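All remarks here apply to the structure that follows.
Quantities reported herein were computed from a predicted structural model and do not represent experimental measurements. Just the heavy atoms: all of them, side chains too, but no hydrogens, waters or symmetry mates, feed the values below.
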Protein chains: 2
Amino acid sequence: MEKELTIQEVAQVTGLSEYTLRYYERIGLLDPVDRANSGHRRYRAADLDWLQFLVYLRAMGMSIRQMQECAELKRGGDATRRERLAFLEEHRVRVQEQMRKMVEYLAYIDKKIDHLQESLAGDDLPEPAEKPHLVNSFFS
Amino acid sequence: MEKELTIQEVAQVTGLSEYTLRYYERIGLLDPVDRANSGHRRYRAADLDWLQFLVYLRAMGMSIRQMQECAELKRGGDATRRERLAFLEEHRVRVQEQMRKMVEYLAYIDKKIDHLQESLAGDDLPEPAEKPHLVNSFFS
DNA sequence: CCTTGACTTAGAGTGTGCTCCAAGTTGTAT
DNA sequence: ATACAACTTGGAGCACACTCTAAGTCAAGG
């Protein structure tokens, strides 16, 4: 018999709140979850896998709307494999481009950190003859 | 004489909308911008530099609230250099950690892409004796 | 003088992604 | 039996970051 988890347990495992789990189901990101006789949700391993996938997509910056498309493709079964492949590949490209930019921005931040460190180190030395006037002190 | 730019020009240069430029000023991300006699904004080079900095921070996922703190530190002048350094270094750490995770997620996505490609390639071959039942077709 | 267009302000509205509430039901422990 | 906790639902509320509107001002061109 497959172990089925309560919403509370799934919240702990996935890091999503119970609110969010119900919300995701409501908006069709998950297919309707099994219910106990009481009506309480009982999540299966497959639900957990899918949720983990969603969590990763979300963490990579994918919008809820796109994840809904993704869920729709999943519902389409094997017939949508090509589309799903294209979907993931496009996502991959977007994420990589984003990371490329991040590296660029990080270099920019590093430059500022360096300038600030130099500025602070300079304070221990005798006063320089003339301090250059700095338009923007974050940029010095 | 320093060239001063209109809000329209700054919007083009920074990629921010005129709405957003006014908004950023309203909430204190920019110090009040110079005005022409007409009351129209006239942005200086220093304003542009600062805006570019903000755009980068934003693109790196920093919240408006944190950028406001940052603007506050800038207003504090030299006295806040140490804090600003700490601020940037913390930001740097956060961004790096985020990128580390992204690499991890990307590897996960790549695995799914591979599986889908294999699945599609397999369609050209004669039917396998038994197809394994796949709980989650995105994960096959 | 009159129109046009680029601007100004304060404040309202929007989209996203949750997050919470109220009212009710069920399961377990005492 | 009764208390209590864990759930259920539909729908309301919220934080964030814009985005837009309305009403008005100003400068230049015809």
Side-chain angles (χ1 to χ4, degrees), chain A residues 3-44 47-48 50-72 91 94 98, chain B residues 3-44 47-48 50-72 91 94 98:
Chain A
K3 173 93 203 288
E4 296 193 315
L5 300 181
T6 66
I7 193 167
Q8 191 180 206
E9 290 164 331
V10 174
Q12 288 210 333
V13 172
T14 60
L16 298 170
S17 73
E18 299 182 21
Y19 295 138
T20 303
L21 286 169
R22 295 195 195 96
Y23 169 66
Y24 277 12
E25 190 175 336
R26 239 192 310 191
I27 66 174
L29 285 184
L30 279 80
D31 293 334
V33 173
D34 280 359
R35 303 305 168 114
N37 290 334
S38 61
H40 294 189
R41 288 172 178 79
R42 291 292 177 265
Y43 292 82
R44 303 165 148 277
D47 296 321
L48 283 183
W50 177 248
L51 275 169
Q52 192 57 67
F53 181 52
L54 291 179
V55 166
Y56 282 155
L57 290 183
R58 196 81 194 87
M60 284 188 274
M62 185 177 287
S63 70
I64 294 284
R65 197 168 296 248
Q66 277 197 301
M67 299 199 313
Q68 282 173 319
E69 280 178 45
C70 189
E72 196 48 56
H91 176 62
R94 279 193 302 271
Q98 191 194 327
Chain B
K3 173 94 201 288
E4 297 193 317
L5 300 182
T6 66
I7 193 166
Q8 190 180 206
E9 290 164 332
V10 175
Q12 288 211 330
V13 171
T14 60
L16 299 170
S17 72
E18 299 182 22
Y19 295 139
T20 303
L21 286 169
R22 295 194 195 97
Y23 169 66
Y24 277 11
E25 189 176 338
R26 239 193 311 190
I27 66 174
L29 285 183
L30 280 80
D31 294 335
V33 173
D34 281 358
R35 303 304 169 115
N37 290 336
S38 60
H40 293 190
R41 287 173 179 77
R42 292 290 177 265
Y43 292 82
R44 303 165 147 278
D47 297 321
L48 282 183
W50 178 248
L51 276 170
Q52 191 58 66
F53 181 53
L54 292 180
V55 166
Y56 282 154
L57 290 183
R58 196 81 195 87
M60 283 189 275
M62 184 176 288
S63 70
I64 294 283
R65 198 168 296 248
Q66 277 198 302
M67 298 200 313
Q68 282 174 318
E69 280 177 45
C70 189
E72 196 49 55
H91 175 62
R94 279 193 301 272
Q98 192 195 327

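Looking only at distances, a side-chain donor or acceptor of B:R35 sits under 3.5 Å from a matching main-chain atom of B:V33. Counting only distance, with no hydrogens or angles, the side chain of B:R58 and the backbone of B:M62 share a donor-acceptor pair below 3.5 Å. For B:Q52 (side chain) and B:T14 (main-chain N/O), no donor-acceptor pair under 3.5 Å exists by modelled atom type.
Atom-to-atom, CD of B:Q8 to P of C:dT8 comes out at 11 Å; the value is rounded to the nearest Å. Rounded to an integer number of Å, the gap from CG of A:L5 to P of D:dA6 is 16 Å. Between the CD atom of A:Q66 and the P atom of C:dG17 there is a distance of 10 Å, rounded to whole Å. Rounded to whole Å, the distance from CE on A:M62 to P on C:dG17 is 11 Å. Atom C1' of nucleotide D:dT9 and atom CD of A:E25 are separated by 12 Å, given to the nearest angstrom. Rounding to whole angstrom units, CD1 of residue A:I27 and P of C:dG17 are separated by 8 Å. Distance, B:Y24 OH to D:dC18 C1': 8 Å, rounded to whole Å. In this structure, A:Q12 places its CD atom 11 Å from P of D:dA6, rounding to the nearest Å.
Side-chain N/O atoms of A:R22 include none lying less than 4.0 angstrom from OP1 or OP2 on D:dA6. Contact between the side-chain N/O atoms of B:Y23 and the OP1/OP2 oxygens of D:dC20 is not found at any separation under 4.0 Å. OP1 or OP2 of C:dC7 lies within a sub-4.0 Å distance of a side-chain N or O belonging to B:T6.
Contact annotation: the side chain of A:Y23 never approaches that of A:E18 to less than 4.5 Å [non-hydrogen atoms, C-beta and beyond].
When distances are taken from the side chain of A:R35 to each of D:dC18, C:dC7, D:dT9, the shortest belongs to D:dT9. Looking at the side chain of A:R58, the nearest of the listed nucleotides C:dG17, D:dC7, D:dA17 is C:dG17.
Residue-level contact check: B:R65 touches the backbone only, with heavy atoms under 4.0 Å from sugar-phosphate atoms and none from bases. Across all strands, A:R42 comes closer than 4.0 Å to no nucleic acid atom at all (heavy-atom distances). Within 4.0 Å (heavy atoms only), A:R26 reaches at least one base atom of the nucleic acid.
Position along DNA chain D of the nearest nucleotide to A:H40 versus B:Y19 favours A:H40 as the more 5'-ward residue. Where B:S38 and A:T20 meet DNA chain C, the nucleotide closest to each residue was compared, and B:S38 sits on the side nearer the 5' end. Along DNA chain C, the nucleotide nearest B:I7 and the nucleotide nearest A:S17 are compared for position; the residue whose nucleotide lies closer to the 5' end is B:I7.
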Inset, instruction - Might you work through the salt bridge (Lys or Arg N to Asp or Glu O under 4.0 Å) test for A:R41 and A:D34, ending with a clear yes or no? - result: CA-CA 6 Å; A:R41 288 172 178 79; A:D34 280 359; over 6 Å; no
